[in-house]
Every structure is written in C-alpha cells, then in structure tokens.
Amino acid sequence: MRHQVCIIGGGPSGLLLCLLLRRAGVDAIVLEQRSRAYVLGRIRAGVLEQGLVDILHHAGVGQRLAAEGFVHDGTLIVAHGRRVHIDFKALTGKTVTIYGQTEVTRDLYDALDAMGAPVLHEAEGVTIHGAETDAPYVTFTRGGQAQRIDCDYIAGCDGFHGVSRRTIPEALRQEFEHVYPFGWLGILSETPPLHHELVYAGHERGFALCSMRNANLSRHYLQVPLTDRVEDWTDETFWAELRRRLPPDLAEVLVTGPSIEKSIAPLRSFISEPMSWGRLFLAGDAAHIVPPTGAKGLNLAASDVWYLSQALIAQYQGDAAPLAGYSAQALARVWKASRFSWSMTRMLHSFPSEGPFLARMQAAEVDYLAGAPAAQTALAENYVGLPY
Ligand code: FAD
Ligand code: PHB
C-alpha cells in the first residue's frame, strides 16, 4: 500500500489528524492496534477548550457537540475553607464545553466512515522503518497477513505506550518526567451532577473532583494512594469518602447510585523532546502526559494535531517551514499546559510525605486566589486554553 501520511494510533489524536488531512485532500491512513469497540469503551477526558471545539467545527464534526455539549462559564474550587468561583467568561471572555472524549471519538469515526477513510483496526506489531530517510515505511500484521505501507510522512499518535516515541534513537531524545505519589480513582454513575459547574475540592484527606457528562451522568474522582486497587473500593466506600472531602452543603446534595465504570489512573507529568525525527512526527500522549487536574490531556493532543495538520498541508503546497518548526511550536504550548497542570495538582492534592509546610503553602495559595482577581484571571486563562 502507498499513502501520503501513515498515522499510527486511532485515539483522538490520530483520528482527528486523519480527518483534517483528508478534508484538505491529503491521503492519510490510520493504523490502530485495538478494536473500535475497545477504543470507544475507554472513559477519559470530558472538558474541551474552545480551541478544540473550533477545530471540531472546522473538521465538520461539530453538530452533535453543539447540540449535546454543555457550555460552562466557570468552575468552583473549594479548599482550605475557601470557596473560589472562577468565572471564565467574565475573566477571559471564553468558556469550556463538557463533552466526553468517547463522544468526540465516535463523531470522528462517523465522519471518517462517511468519507471512506481507511482506519485499520487490530494492526499488530506496527514497526516504523527509515524515518530518517526520504522513503519511510511501516510494517505490521493484520488478520495473520504481513503488510507494508510506504509513505511520505509518519505521524506517531499512539499514546504513551506506543512505538513511535521509542523509534527515535535514545541519544536524540530528552525525557522529562515527574511521577506523583498517588492516582485518581474515577467512577461513572447515572446520577445528576453535584453542581451546575465542575467542583475541584482540596481536602486534607485528599483531592476530589465532581465532574459530569450530561444531566444524568456524573464522573467523580478521588485522590488515592498508588497502592490502592479498584477492587479495594466498593461504591459505598467511594461515595462516603467523596462526601467527607466536600463542604457540608455540597455533601448534603450529592446524589449517589451504582457505578457503571470504575478505574484508577496514576498521575504523571512527562515530556519527550523533540517531537519529530526525520519524517516521523509525534502528537498527543505519544510525546507528553499531564496529570488530569488541569483537564489538558485531550486539549493538548488537539493543539499538536492542529499544528501538525497545518504544517503537513503547507508542505504539500510547497512551504516546508511549518513542518520544520512543528516540534518547537508544539513544545512551547506543551510546556505551558504542563506547568498549569502541575500547579493545579500541586495546589489541590494532599502530599502527606512533604509535611505541614506544603499544606500551609497550599492554604496560602488558595487564600490568595480567593482575594486576587489577577490570580483568578491567570488560572482562568490557562484553564480555558492558551491561544494557538
Ligand atoms: P490515546 O488516547 O492514548 O490513543 C493512542 C491510540 O494508539 C490508542 O487507541 C492505542 O490503542 C493506539 N496504539 C498504541 N500503541 C499502538 C501501536 N503500537 N500500534 C498501533 N496503535 C497503537 N485527560 C483529561 O483531560 N481528563 C481526564 O480525565 C483524563 N483521563 C485519562 C485517563 C486515562 C486512564 C488515560 C490513559 C488518559 C486520560 N486523560 C485524561 C488523557 C487523555 O485521555 C489523553 O490525553 C488523550 O486520550 C490523548 O489522545 P491520544 O490520541 O494522543 O492518545
Ligand atoms: C472529567 O470529566 O473526566 C474531568 C474533568 C476535569 C478534569 C479531569 C477530568 O480536570
């Protein structure tokens, strides 16, 4: 097979890149190691920046999002006895939209299907060859058959555990990593959201987040030790612990019910530089991971994909500069979003091993935030997404 761009990974990054390229007349193919049902079954992000919403409209997949997404003008932070309402709209003129990653993925699949775009699932043993040459190709097996795709460019959109990043020789890569000593236990339940906006709660027993997907679907998270397993938490113990971490008036109105999904994700900050090598370009989780506290993972994947799609389109129109500058351009935004995600994580989680000094610093930070419009504006600007 021959295609102009071979995209490895059929998560949101790979599917969105494929759609943007094909809409511009670039012949792209996606190779995904899992089944479509598996990809659609993963419950992940839920907050979309306006930038991502705009890209989805640009790509022609904004209809369901516009009809079913919920626009949020702000968020509530409750910590250290303070209640801080961050009014995104008043402070920045921008908003965010609540619409699950699963729904974004489904819309992307539907649009790709409608245009007959090739998305090959269950592609095993994907291997990148000759990325540093002018004739790269990718091999894999599918249904027992060995296959090869020759291409002009390869996009590594295969997430943190994918092969693309590791194809770049170690000597040419620099990795920056910070692993947090806890994870997030998340549950999905068919219950109404706690509040009309997301509630980020810092508590001495640990962080909690009350999020949502729609009027009768809630997504809640608890900070848990890395040693905890999902089996350690019944629905009852989850709800009881969540109640303890919320202010009494919110705890009182929390509606509980059986969980329909429960999982634990470890928290990590990770950035690999550069995001390109020869004709291989990384995007999304393949190049970086943020802790979810800033709701940035999916949004950062989208800004990478936007830069990369525009650079590849320019390349085919004879302008080589954007593709040559892709890694530096993407990394500038990645580092700022990583800083924000790290600072939100640092402000709102409990770090028992760091002692009482840090806890007092966190309290002072929240106290400052509560009284300083400048600090609220800085938080809001980052939360709604830095421009790109
Ligand atoms: P992925 O979604 O990881 O997609 C990569 C795809 O590549 C996958 O489909 C994978 O199967 C495929 N793949 C991997 N290896 C290969 C290979 N060798 N060959 C072919 N295909 C391959 N972000 C938030 O903002 N909020 C959240 O609450 C949140 N929760 C998360 C929970 C978990 C458990 C994880 C892992 C991430 C979470 N994120 C969250 C982050 C967000 O979901 C990611 O940033 C986003 O999915 C990145 O999209 P991606 O397409 O770059 O990577
Ligand atoms: C979610 O709804 O899954 C979600 C929302 C905000 C975050 C993280 C996760 O910061």
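Ligands are counted one by one from 1 in listed order, and the atoms in each one are counted from 1 as well. Keep in mind that the numbers below use all heavy atoms, side chains included, and drop hydrogens, waters and symmetry copies.
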Under 4.0 angstrom from ligand 1, any heavy atom of [X]?
| X | result |
| --- | --- |
| Arg42 | yes |
| His161 | no |
| Tyr221 | yes |

For the side chain of [X] and the backbone of [Y], is there at least one donor-acceptor N/O pair under 3.5 Å apart?
| X | Y | answer |
| --- | --- | --- |
| Ser309 | Trp306 | yes |
| Gln362 | His349 | yes |
| Asp319 | Ala314 | no |

Subject >> Which residues share a ring pair (Phe, Tyr, Trp, His ring centres under 6.0 Å) with His121, sequence neighbours left out >> reply: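 Only Tyr109 meet the ring pair (Phe, Tyr, Trp, His ring centres under 6.0 Å) criterion with His121.
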
Subject >> Arg346 to Tyr180 six-membered ring, cation-pi geometry met (6.0 Å, 45°) >> reply: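 Ring-cation test returns no.
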
Subject >> Geometric cation-pi criterion, Arg82 with Tyr368: 6.0 Å, 45° >> reply: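 Judged by the rule, Arg82 and Tyr368 form no cation-pi pair.
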
Below the 3.5 angstrom mark, is there an N/O of [X], backbone or side chain, next to an N/O of ligand 1?
| X | answer |
| --- | --- |
| Gln101 | yes |
| Ala265 | no |
| Pro12 | yes |

**OP:** Could you check which of Gln33, Lys296, Glu49, Glu32 puts a non-hydrogen atom nearest to atom 12 (C) of ligand 1?
**Re:**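 The nearest heavy atom belongs to Glu32.
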
Original post:
Of Ala302, Gly9, Gly294, Ser13, which has the heavy atom at the shortest distance from atom 50 (P) of ligand 1?
Top reply: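 Nearest option to atom 50 (P) of ligand 1, by heavy atoms: Ser13.
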
**OP:** Determine, for Glu381 against Lys336, whether the closest basic-nitrogen to carboxylate-oxygen distance falls under 4.0 angstrom.
**Re:**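 Here Glu381 does not pair with Lys336 in a salt bridge, since their nearest N and O are not under 4.0 Å apart.
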
**OP:** Report, as yes or no, whether the 6.0 Å neighbourhood of atom CD on Glu175 holds more than 12 heavy atoms from other residues, nucleotides or ligands.
**Re:**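 Yes - once you tally the heavy atoms of other residues, nucleotides and ligands closer than 6.0 Å, there are more than 12.
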
Starting from [atom], which protein heavy atom do you reach first, and at what distance in Å?
| atom | result |
| --- | --- |
| atom 29 (C) of ligand 1 | Ala45 N, 3.8 Å |
| atom 4 (O) of ligand 1 | Gly11 CA, 3.5 Å |
| atom 2 (O) of ligand 1 | Arg44 NH1, 2.7 Å |
| atom 44 (C) of ligand 1 | Asp285 OD2, 3.2 Å |
| atom 14 (C) of ligand 1 | Asp158 O, 3.1 Å |

Original post:
Does any non-hydrogen side-chain atom of Leu16 lie less than 4.5 Å from one of Leu56?
Top reply: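 Touching, per the 4.5 Å side-chain cut-off.
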
Numbered atoms of ligand 1 (with element) below 4.0 Å of [X], judged on heavy atoms:
| X | value |
| --- | --- |
| Gly159 | 3 (O), 5 (C), 53 (O) |
| Val126 | 19 (N) |
| Leu31 | 20 (C), 21 (N) |
| Cys157 | 5 (C), 6 (C), 7 (O) |
| Gly284 | 52 (O) |
| Arg34 | 11 (O) |
| Gly297 | 25 (O), 45 (O) |
| Gly162 | 15 (N) |

**OP:** Using only heavy-atom distances, determine whether the side chains of Thr139 and His129 contain a donor-acceptor pair under 3.5 Å.
**Re:**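 His129 and Thr139 do have a side-chain donor-acceptor pair below 3.5 Å.
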
Original post:
Is a side-chain donor-acceptor pair under 3.5 Å present for Arg165 with Ser272?
Top reply: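 On atom types as modelled, these side chains do not qualify, holding no pair under 3.5 Å.
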
**OP:** Apply the side-chain hydrogen bond (donor to acceptor under 3.5 Å, both in side chains) test between Ser259 and each candidate in Thr191, Asp235, Thr234; give the one that qualifies.
**Re:**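 When Thr191, Asp235, Thr234 are each tested with Ser259, the side-chain hydrogen bond (donor to acceptor under 3.5 Å, both in side chains) holds only for Asp235.
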
**OP:** Please say which of Gln315, Gln4, His3 ends up in a side-chain hydrogen bond (donor to acceptor under 3.5 Å, both in side chains) with Tyr153.
**Re:**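 That would be Gln315.
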
Original post:
Got the residues with a heavy atom under 4.0 Å of ligand 2, by chain and number?
Top reply: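 Residues Arg44, Gly46, Val47, Trp184, Leu198, Tyr200, Leu209, Ser211, Arg213, Arg219, Tyr221, Pro292, Thr293, Ala295 each place a heavy atom under 4.0 Å from ligand 2, listed by chain and number.
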
**OP:** For residues 21-35, pull every pair meeting salt bridge (Lys or Arg N to Asp or Glu O under 4.0 Å), keeping only residues two or more places apart or in separate chains.
**Re:**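 Salt bridge (Lys or Arg N to Asp or Glu O under 4.0 Å) check on residues 21-35 returns Arg22-Asp27.
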
**OP:** Not counting sequence neighbours, list each pair that qualifies as a salt bridge (Lys or Arg N to Asp or Glu O under 4.0 Å) and has a residue in residues 118-135.
**Re:**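 Only Asp134-Arg279 qualify under salt bridge (Lys or Arg N to Asp or Glu O under 4.0 Å).
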
**OP:** Please work out whether the ring planes of Trp184 and Phe207 are parallel, tilted or perpendicular, with thresholds of 30° and 60°.
**Re:**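 Plane angle under 30°, so parallel.
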
